[in-house]
Amino acid sequence: MSGPRVVVLAGGVGGAKFTLGVREALRRRDAPPATVVVNTGDDLWLSGVRLQPDIDSVTYALAGVNDTGRGWGRAGDSERVNAELQAWGAGWPWFTLGDLDLGTHLARTGWLREGSTPTQVLERMAGRWELGARLLPMTDAEVDTIVHVRDGDGERAMHFQEWWTRHRAGLEPIRFENPGIADAAPAPGVAEAIAAADVVLLAPSNPVVSIGPILAVPGVREALAAASAVVGVSPIIGGRVVRGMADVCLAAIGVETNTAAVAAHYGARASGGLLDAWVLAEEDASAADAVAAAGVHPIVAPLWMSDVAASAALAEAALAGA
Ligand code: GDP
Ligand code: CA
(Lines give C-alpha, C1' and ligand atoms only; values in the text may rest on other atoms or scores of the structure.)
(Ligands and ions follow the chains in the order given, each with its own letter.)
Protein backbone atom coordinates (compact mmCIF):
# COMPACT_ATOMS: atom_id res chain seq x y z
CA MET A 1 0.00 0.00 0.00
CA SER A 2 1.16 3.48 -0.75
CA GLY A 3 -0.53 6.84 -0.55
CA PRO A 4 -1.02 9.41 2.15
CA ARG A 5 -1.15 8.66 5.86
CA VAL A 6 -4.44 10.27 6.83
CA VAL A 7 -5.79 11.14 10.26
CA VAL A 8 -9.38 12.34 10.74
CA LEU A 9 -10.55 14.26 13.81
CA ALA A 10 -14.23 13.41 14.20
CA GLY A 11 -17.36 13.90 16.28
CA GLY A 12 -20.42 11.70 15.99
CA VAL A 13 -22.88 11.70 13.12
CA GLY A 14 -21.15 14.32 10.91
CA GLY A 15 -17.81 12.73 11.73
CA ALA A 16 -19.14 9.29 10.83
CA LYS A 17 -20.55 10.38 7.46
CA PHE A 18 -17.27 12.05 6.57
CA THR A 19 -15.22 9.05 7.72
CA LEU A 20 -17.22 6.78 5.39
CA GLY A 21 -16.17 9.06 2.52
CA VAL A 22 -12.53 9.11 3.60
CA ARG A 23 -12.48 5.31 3.78
CA GLU A 24 -13.86 5.10 0.24
CA ALA A 25 -11.44 7.71 -1.14
CA LEU A 26 -8.43 5.94 0.42
CA ARG A 27 -9.54 2.55 -0.87
CA ARG A 28 -9.60 3.96 -4.40
CA ARG A 29 -6.01 5.15 -3.95
CA ASP A 30 -4.92 1.86 -2.39
CA ALA A 31 -3.72 4.01 0.52
CA PRO A 32 -3.44 2.71 4.10
CA PRO A 33 -6.59 3.01 6.23
CA ALA A 34 -7.11 6.30 8.03
CA THR A 35 -6.67 6.74 11.76
CA VAL A 36 -9.80 8.36 13.20
CA VAL A 37 -9.43 10.26 16.48
CA VAL A 38 -12.91 10.45 17.96
CA ASN A 39 -14.32 12.97 20.43
CA THR A 40 -15.13 11.56 23.88
CA GLY A 41 -16.45 14.83 25.34
CA ASP A 42 -20.03 13.56 24.83
CA ASP A 43 -19.41 10.52 27.05
CA LEU A 44 -21.43 9.91 30.19
CA TRP A 45 -22.40 7.44 32.88
CA LEU A 46 -26.11 6.53 32.84
CA SER A 47 -27.88 3.65 34.63
CA GLY A 48 -24.50 2.25 35.58
CA VAL A 49 -23.07 2.03 32.08
CA ARG A 50 -20.56 4.15 30.18
CA LEU A 51 -21.95 5.71 27.00
CA GLN A 52 -19.60 6.92 24.26
CA PRO A 53 -22.01 8.39 21.70
CA ASP A 54 -19.50 9.70 19.17
CA ILE A 55 -17.36 6.56 19.27
CA ASP A 56 -20.45 4.42 18.78
CA SER A 57 -21.74 6.61 15.93
CA VAL A 58 -18.46 6.23 14.04
CA THR A 59 -18.08 2.52 14.84
CA TYR A 60 -21.67 1.60 13.89
CA ALA A 61 -21.49 3.62 10.65
CA LEU A 62 -18.21 2.03 9.52
CA ALA A 63 -19.61 -1.39 10.44
CA GLY A 64 -22.79 -0.62 8.47
CA VAL A 65 -25.04 -1.44 11.45
CA ASN A 66 -26.15 2.12 12.24
CA ASP A 67 -29.73 3.40 12.04
CA THR A 68 -29.44 5.80 9.11
CA GLY A 69 -33.06 6.98 9.35
CA ARG A 70 -32.97 8.03 12.98
CA GLY A 71 -29.35 9.15 12.82
CA TRP A 72 -28.15 7.41 16.00
CA GLY A 73 -28.00 3.92 17.46
CA ARG A 74 -28.33 0.51 15.82
CA ALA A 75 -30.52 -0.37 12.86
CA GLY A 76 -33.53 -2.49 13.77
CA ASP A 77 -33.10 -1.94 17.49
CA SER A 78 -35.86 -2.48 20.06
CA GLU A 79 -36.44 -0.74 23.38
CA ARG A 80 -37.61 -3.41 25.82
CA VAL A 81 -34.85 -2.82 28.36
CA ASN A 82 -35.35 0.93 28.05
CA ALA A 83 -39.05 0.54 28.91
CA GLU A 84 -38.13 -1.47 31.99
CA LEU A 85 -35.56 1.12 33.06
CA GLN A 86 -38.25 3.79 32.73
CA ALA A 87 -40.64 1.68 34.81
CA TRP A 88 -37.99 1.62 37.52
CA GLY A 89 -37.52 5.36 37.21
CA ALA A 90 -33.87 4.72 36.35
CA GLY A 91 -31.81 6.82 33.96
CA TRP A 92 -33.30 9.76 32.11
CA PRO A 93 -36.89 9.56 30.76
CA TRP A 94 -35.91 11.68 27.75
CA PHE A 95 -32.85 9.62 26.82
CA THR A 96 -33.61 6.38 24.97
CA LEU A 97 -31.21 3.46 24.91
CA GLY A 98 -31.85 0.67 22.42
CA ASP A 99 -31.45 -2.97 23.43
CA LEU A 100 -28.58 -3.70 21.02
CA ASP A 101 -26.97 -0.42 21.98
CA LEU A 102 -27.23 -1.37 25.67
CA GLY A 103 -25.38 -4.57 24.80
CA THR A 104 -22.51 -2.39 23.59
CA HIS A 105 -22.59 -0.28 26.74
CA LEU A 106 -22.69 -3.34 29.02
CA ALA A 107 -19.75 -4.96 27.23
CA ARG A 108 -17.76 -1.73 27.36
CA THR A 109 -18.54 -1.09 31.03
CA GLY A 110 -17.61 -4.64 31.99
CA TRP A 111 -14.24 -4.37 30.29
CA LEU A 112 -13.59 -0.96 31.82
CA ARG A 113 -14.46 -2.36 35.27
CA GLU A 114 -12.04 -5.23 34.67
CA GLY A 115 -9.26 -2.70 34.13
CA SER A 116 -9.07 -2.15 30.37
CA THR A 117 -8.50 1.39 29.16
CA PRO A 118 -10.98 3.07 26.80
CA THR A 119 -8.38 2.64 24.03
CA GLN A 120 -8.19 -1.11 24.68
CA VAL A 121 -11.96 -1.40 24.87
CA LEU A 122 -12.40 0.41 21.55
CA GLU A 123 -9.77 -1.78 19.89
CA ARG A 124 -11.63 -4.84 21.10
CA MET A 125 -15.01 -3.53 19.95
CA ALA A 126 -13.69 -2.38 16.58
CA GLY A 127 -12.25 -5.88 16.06
CA ARG A 128 -15.76 -7.28 15.72
CA TRP A 129 -16.09 -5.80 12.23
CA GLU A 130 -13.92 -4.97 9.21
CA LEU A 131 -14.10 -1.22 9.78
CA GLY A 132 -11.43 -0.20 7.27
CA ALA A 133 -10.09 2.45 9.65
CA ARG A 134 -8.20 2.56 12.93
CA LEU A 135 -10.29 4.19 15.66
CA LEU A 136 -8.79 5.91 18.69
CA PRO A 137 -10.53 7.81 21.48
CA MET A 138 -9.06 11.30 21.87
CA THR A 139 -8.07 10.47 25.46
CA ASP A 140 -8.44 7.69 28.01
CA ALA A 141 -9.43 10.25 30.66
CA GLU A 142 -13.10 10.93 31.51
CA VAL A 143 -13.67 14.51 30.39
CA ASP A 144 -17.47 14.73 29.90
CA THR A 145 -18.77 18.10 28.67
CA ILE A 146 -20.58 20.33 31.17
CA VAL A 147 -22.70 23.25 29.93
CA HIS A 148 -23.26 26.34 32.05
CA VAL A 149 -26.58 27.96 31.17
CA ARG A 150 -28.31 31.14 32.24
CA ASP A 151 -30.85 30.67 35.03
CA GLY A 152 -32.55 33.87 36.11
CA ASP A 153 -29.83 36.21 37.27
CA GLY A 154 -27.43 33.36 37.85
CA GLU A 155 -26.35 30.23 36.07
CA ARG A 156 -26.50 26.49 36.52
CA ALA A 157 -24.55 23.59 35.14
CA MET A 158 -25.71 20.37 33.51
CA HIS A 159 -24.24 17.53 31.47
CA PHE A 160 -24.03 18.29 27.76
CA GLN A 161 -26.38 15.39 26.97
CA GLU A 162 -29.10 16.86 29.19
CA TRP A 163 -28.74 20.25 27.54
CA TRP A 164 -28.65 18.81 24.01
CA THR A 165 -31.22 16.01 24.20
CA ARG A 166 -33.64 17.14 26.91
CA HIS A 167 -33.55 20.88 26.27
CA ARG A 168 -32.68 20.69 22.55
CA ALA A 169 -29.98 23.32 23.19
CA GLY A 170 -32.83 25.71 24.04
CA LEU A 171 -31.26 27.08 27.25
CA GLU A 172 -28.79 29.84 26.53
CA PRO A 173 -25.28 28.49 27.09
CA ILE A 174 -22.67 30.65 28.79
CA ARG A 175 -19.76 28.28 28.41
CA PHE A 176 -18.75 24.67 27.83
CA GLU A 177 -16.31 22.91 30.10
CA ASN A 178 -14.51 19.57 30.07
CA PRO A 179 -13.51 19.16 33.72
CA GLY A 180 -10.10 17.50 34.01
CA ILE A 181 -9.10 18.01 30.39
CA ALA A 182 -6.11 20.20 31.30
CA ASP A 183 -4.61 17.15 33.02
CA ALA A 184 -5.68 14.65 30.34
CA ALA A 185 -3.24 13.11 27.90
CA PRO A 186 -3.95 12.09 24.32
CA ALA A 187 -4.80 8.39 24.15
CA PRO A 188 -1.84 6.18 23.21
CA GLY A 189 -1.06 6.60 19.50
CA VAL A 190 -3.08 9.79 19.01
CA ALA A 191 -0.28 12.37 19.12
CA GLU A 192 2.05 10.02 17.23
CA ALA A 193 -0.45 9.42 14.42
CA ILE A 194 -1.25 13.13 14.07
CA ALA A 195 2.38 14.24 14.05
CA ALA A 196 3.31 11.58 11.47
CA ALA A 197 0.32 12.28 9.19
CA ASP A 198 0.70 13.46 5.61
CA VAL A 199 -2.68 15.08 6.07
CA VAL A 200 -4.99 15.62 9.03
CA LEU A 201 -8.63 16.22 8.10
CA LEU A 202 -10.96 18.03 10.49
CA ALA A 203 -14.37 16.47 9.82
CA PRO A 204 -17.32 18.88 9.40
CA SER A 205 -18.27 18.11 13.00
CA ASN A 206 -19.47 20.58 15.62
CA PRO A 207 -16.46 22.91 16.12
CA VAL A 208 -17.33 23.60 19.76
CA VAL A 209 -18.41 20.31 21.32
CA SER A 210 -16.94 17.73 18.90
CA ILE A 211 -13.67 19.11 17.49
CA GLY A 212 -13.19 21.56 20.39
CA PRO A 213 -12.60 18.91 23.08
CA ILE A 214 -10.14 17.01 20.85
CA LEU A 215 -8.12 20.19 20.34
CA ALA A 216 -8.28 20.91 24.09
CA VAL A 217 -6.44 17.70 25.01
CA PRO A 218 -2.92 18.90 25.89
CA GLY A 219 -0.47 17.82 23.19
CA VAL A 220 -2.94 17.61 20.31
CA ARG A 221 -2.28 21.12 18.99
CA GLU A 222 1.47 20.54 19.17
CA ALA A 223 1.06 17.30 17.23
CA LEU A 224 -1.04 19.11 14.60
CA ALA A 225 1.74 21.66 14.19
CA ALA A 226 4.07 18.77 13.29
CA ALA A 227 1.69 17.23 10.70
CA SER A 228 2.52 17.83 7.03
CA ALA A 229 -0.87 19.37 6.24
CA VAL A 230 -4.11 20.16 8.06
CA VAL A 231 -7.32 20.56 6.06
CA GLY A 232 -10.64 21.50 7.66
CA VAL A 233 -14.10 20.84 6.23
CA SER A 234 -16.87 23.35 6.89
CA PRO A 235 -19.83 22.20 8.99
CA ILE A 236 -21.74 25.17 7.59
CA ILE A 237 -23.46 25.24 4.21
CA GLY A 238 -25.05 28.40 2.88
CA GLY A 239 -24.50 30.22 6.16
CA ARG A 240 -26.39 27.62 8.22
CA VAL A 241 -25.47 24.56 10.26
CA VAL A 242 -26.67 21.55 8.35
CA ARG A 243 -28.38 19.71 11.17
CA GLY A 244 -28.24 19.92 14.92
CA MET A 245 -27.78 23.04 16.96
CA ALA A 246 -24.14 23.91 16.39
CA ASP A 247 -25.03 27.57 15.83
CA VAL A 248 -26.03 27.91 19.51
CA CYS A 249 -22.66 26.42 20.50
CA LEU A 250 -20.76 28.76 18.17
CA ALA A 251 -22.59 31.80 19.56
CA ALA A 252 -21.56 30.82 23.10
CA ILE A 253 -17.88 31.02 22.14
CA GLY A 254 -18.37 34.23 20.17
CA VAL A 255 -18.07 32.75 16.67
CA GLU A 256 -20.58 33.73 14.00
CA THR A 257 -22.40 31.01 12.07
CA ASN A 258 -20.65 31.47 8.76
CA THR A 259 -17.91 29.43 7.15
CA ALA A 260 -15.23 32.15 7.16
CA ALA A 261 -15.76 32.76 10.88
CA VAL A 262 -15.37 29.05 11.66
CA ALA A 263 -12.21 28.88 9.52
CA ALA A 264 -10.88 31.93 11.38
CA HIS A 265 -11.76 30.23 14.68
CA TYR A 266 -9.49 27.29 13.76
CA GLY A 267 -6.96 29.79 12.44
CA ALA A 268 -4.24 29.74 9.78
CA ARG A 269 -1.15 27.70 10.49
CA ALA A 270 0.96 30.60 9.31
CA SER A 271 -0.33 32.69 12.22
CA GLY A 272 -0.32 30.14 15.01
CA GLY A 273 -3.61 28.41 14.12
CA LEU A 274 -4.26 24.95 12.72
CA LEU A 275 -5.31 25.16 9.09
CA ASP A 276 -3.47 25.01 5.79
CA ALA A 277 -6.69 24.70 3.79
CA TRP A 278 -10.45 24.96 4.32
CA VAL A 279 -13.10 23.19 2.27
CA LEU A 280 -16.19 25.37 1.95
CA ALA A 281 -19.50 24.89 0.20
CA GLU A 282 -20.34 26.09 -3.30
CA GLU A 283 -23.20 27.97 -1.62
CA ASP A 284 -20.57 29.91 0.40
CA ALA A 285 -18.11 30.48 -2.49
CA SER A 286 -18.25 34.23 -1.89
CA ALA A 287 -16.50 33.63 1.46
CA ALA A 288 -13.42 32.16 -0.26
CA ASP A 289 -11.68 35.56 -0.45
CA ALA A 290 -12.12 36.15 3.29
CA VAL A 291 -10.71 32.68 4.01
CA ALA A 292 -7.71 33.34 1.75
CA ALA A 293 -7.17 36.77 3.34
CA ALA A 294 -6.91 35.01 6.70
CA GLY A 295 -4.03 32.93 5.32
CA VAL A 296 -5.95 29.69 4.68
CA HIS A 297 -6.16 28.11 1.21
CA PRO A 298 -9.87 27.94 0.26
CA ILE A 299 -11.24 24.91 -1.61
CA VAL A 300 -14.80 25.23 -2.90
CA ALA A 301 -16.59 21.88 -3.18
CA PRO A 302 -20.06 20.28 -2.85
CA LEU A 303 -20.46 19.79 0.89
CA TRP A 304 -23.69 17.81 1.23
CA MET A 305 -22.85 14.31 2.47
CA SER A 306 -26.10 12.82 1.16
CA ASP A 307 -24.58 9.39 0.51
CA VAL A 308 -21.19 7.66 0.56
CA ALA A 309 -20.39 8.77 -3.00
CA ALA A 310 -20.95 12.42 -2.04
CA SER A 311 -18.90 12.02 1.15
CA ALA A 312 -16.11 10.36 -0.87
CA ALA A 313 -16.10 13.23 -3.38
CA LEU A 314 -15.81 15.65 -0.45
CA ALA A 315 -12.95 13.61 1.02
CA GLU A 316 -11.23 13.62 -2.40
CA ALA A 317 -11.50 17.42 -2.53
CA ALA A 318 -10.03 17.73 0.95
CA LEU A 319 -7.18 15.32 0.16
CA ALA A 320 -6.42 17.16 -3.09
CA GLY A 321 -6.23 20.36 -1.06
CA ALA A 322 -3.36 18.91 0.95
P1 GDP B 1 -22.62 14.73 16.59
O2 GDP B 1 -21.43 14.52 17.49
O3 GDP B 1 -23.43 13.49 16.38
O4 GDP B 1 -23.42 15.93 16.95
O5 GDP B 1 -22.04 15.01 15.16
P6 GDP B 1 -20.80 15.85 14.67
O7 GDP B 1 -20.33 16.87 15.66
O8 GDP B 1 -19.78 14.92 14.11
O9 GDP B 1 -21.44 16.55 13.42
C10 GDP B 1 -22.45 17.51 13.55
C11 GDP B 1 -22.21 18.56 12.52
O12 GDP B 1 -22.12 17.96 11.23
C13 GDP B 1 -23.33 19.56 12.43
O14 GDP B 1 -22.93 20.71 13.13
C15 GDP B 1 -23.52 19.83 10.95
O16 GDP B 1 -23.26 21.18 10.65
C17 GDP B 1 -22.49 18.91 10.26
N18 GDP B 1 -23.05 18.17 9.14
C19 GDP B 1 -24.03 17.27 9.17
N20 GDP B 1 -24.31 16.81 7.92
C21 GDP B 1 -23.45 17.46 7.08
C22 GDP B 1 -23.24 17.44 5.66
O23 GDP B 1 -23.91 16.74 4.89
N24 GDP B 1 -22.23 18.25 5.19
C25 GDP B 1 -21.49 19.04 6.01
N26 GDP B 1 -20.53 19.80 5.46
N27 GDP B 1 -21.67 19.11 7.32
C28 GDP B 1 -22.64 18.32 7.86
CA1 CA C 1 -21.06 14.55 19.55
Side-chain angles (χ1 to χ4, degrees), residues 8-22 36-44 51-62 66-68 70-73 95 101 135 137-138 143-145 147 159-165 168-169 176 178 201-216 231-253 255-259 261-263 265-266 278-285 287 299-315 317-318:
V8 181
L9 307 190
V13 175
K17 280 200 232 167
F18 184 66
T19 299
L20 286 176
V22 172
V36 186
V37 177
V38 186
N39 174 43
T40 61
D42 286 6
D43 296 5
L44 72 159
L51 312 188
Q52 297 198 291
D54 287 3
I55 280 182
D56 290 345
S57 290
V58 174
T59 305
Y60 292 163
L62 288 172
N66 57 317
D67 187 325
T68 48
R70 200 170 48 169
W72 52 272
F95 201 88
D101 211 17
L135 302 191
M138 68 186 196
V143 293
D144 308 26
T145 303
V147 190
H159 195 283
F160 171 76
Q161 295 295 351
E162 180 174 3
W163 178 72
W164 189 256
T165 308
R168 309 293 301 158
F176 299 89
N178 297 99
L201 302 173
L202 308 190
S205 292
N206 187 313
V208 185
V209 295
S210 289
I211 304 295
I214 303 176
L215 299 177
V231 180
V233 180
S234 175
I236 287 166
I237 303 179
R240 305 166 60 110
V241 293
V242 174
R243 53 167 279 284
M245 291 110 16
D247 47 345
V248 184
C249 303
L250 286 167
I253 64 161
V255 175
E256 279 180 48
T257 302
N258 68 66
T259 194
V262 175
H265 164 66
Y266 287 133
W278 182 246
V279 186
L280 66 158
E282 290 166 327
E283 294 88 331
D284 296 313
I299 300 159
V300 177
L303 243 59
W304 291 103
M305 299 188 290
S306 41
D307 54 23
V308 176
S311 297
L314 175 54

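In listed order, ligands and their atoms are each counted from 1.
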Near [X], which atoms of ligand 1 are under 4.0 Å from a heavy atom of that residue?
X      : answer
Lys17  : 20 (N)
Asn206 : 6 (P), 7 (O), 9 (O), 10 (C), 11 (C)
Gly15  : 8 (O)
Asp54  : 2 (O)
Trp304 : 23 (O)
Leu303 : 22 (C), 23 (O), 24 (N), 25 (C), 26 (N)
Gly14  : 5 (O), 6 (P), 8 (O), 9 (O), 12 (O)
Ser210 : 2 (O), 6 (P), 7 (O)

For atom 11 (C) of ligand 1, which candidate among Ser311, Ala246, Ala203, Pro204 provides the closest heavy atom?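 Residue with the shortest heavy-atom distance to the ligand atom: Pro204.
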Euclidean distance, Met138 CE relative to Ile55 CD1, rounded to 0.5 Å: 9.0 Å
Supply the atom-to-atom distance Thr165 OG1 to Phe160 CZ, rounded to the nearest 0.5 angstrom. 7.5 Å
Apply side chain to side chain contact (heavy atoms under 4.5 Å, CB included) to Tyr60 and Asp101, showing your working. CA-CA 10 Å; Tyr60 292 163; Asp101 211 17; 2.6 Å; yes
Got the closest protein heavy atom to [atom], with its distance?
atom                    : value
atom 4 (O) of ligand 1  : Trp164 CZ2, 4.5 Å
atom 23 (O) of ligand 1 : Met305 N, 2.8 Å
atom 2 (O) of ligand 1  : Gly12 N, 2.9 Å
atom 13 (C) of ligand 1 : Arg243 O, 3.4 Å
atom 16 (O) of ligand 1 : Pro235 O, 2.6 Å
atom 8 (O) of ligand 1  : Ser205 OG, 2.6 Å

Quick one: does Ser57 get a heavy atom under 4.0 Å from ligand 1?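 Heavy atoms of Ser57 never come under 4.0 Å of ligand 1.
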Any heavy atom of Met245 closer to ligand 1 than 4.0 angstrom?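 False for this residue.
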Does any N or O atom in [X] lie less than 3.5 angstrom from one in ligand 1, N or O only?
X      : result
Ser234 : yes
Val242 : yes
Val13  : yes
Ser306 : no

Any donor-acceptor pair under 3.5 Å from [X] side chain to [Y] backbone:
X      : Y      : answer
Ser57  : Ala16  : no
Ser210 : Gly11  : no
Ser311 : Lys17  : yes
Asn39  : Ala10  : no
Gln161 : Asp42  : yes
Asn206 : Val209 : yes
Asn178 : Val143 : yes

Using the rule given for side chain to side chain contact (heavy atoms under 4.5 Å, CB included), can you reason through Gln52 versus Thr40, listing the C-alpha separation, both sets of side-chain angles and the distance that settles it, and then say yes or no? CA-CA 6 Å; Gln52 297 198 291; Thr40 61; 4.2 Å; yes
Would one find more than 12 heavy atoms of other residues, nucleotides or ligands at under 6.0 Å from atom CZ of Arg168?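 No - once you tally the heavy atoms of other residues, nucleotides and ligands closer than 6.0 Å, there are 12 at most.
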Mark yes when over 12 heavy atoms from residues, nucleotides or ligands other than Glu162 sit less than 6.0 Å from its CD; otherwise mark no. yes
For the Ca ion (ligand 2), which protein N/O/S atoms fall under 3.0 Å? Skip waters. Asp42 OD2, Asp54 OD1, Asp54 OD2
Name all residues meeting the ring pair (Phe, Tyr, Trp, His ring centres under 6.0 Å) criterion together with Phe176; count only those two or more places apart in sequence or in a different chain, and write none if there are none. Trp163
Verify whether one side chain among Ser234 and Thr259 offers a donor that lies under 3.5 Å from an acceptor in the other. yes
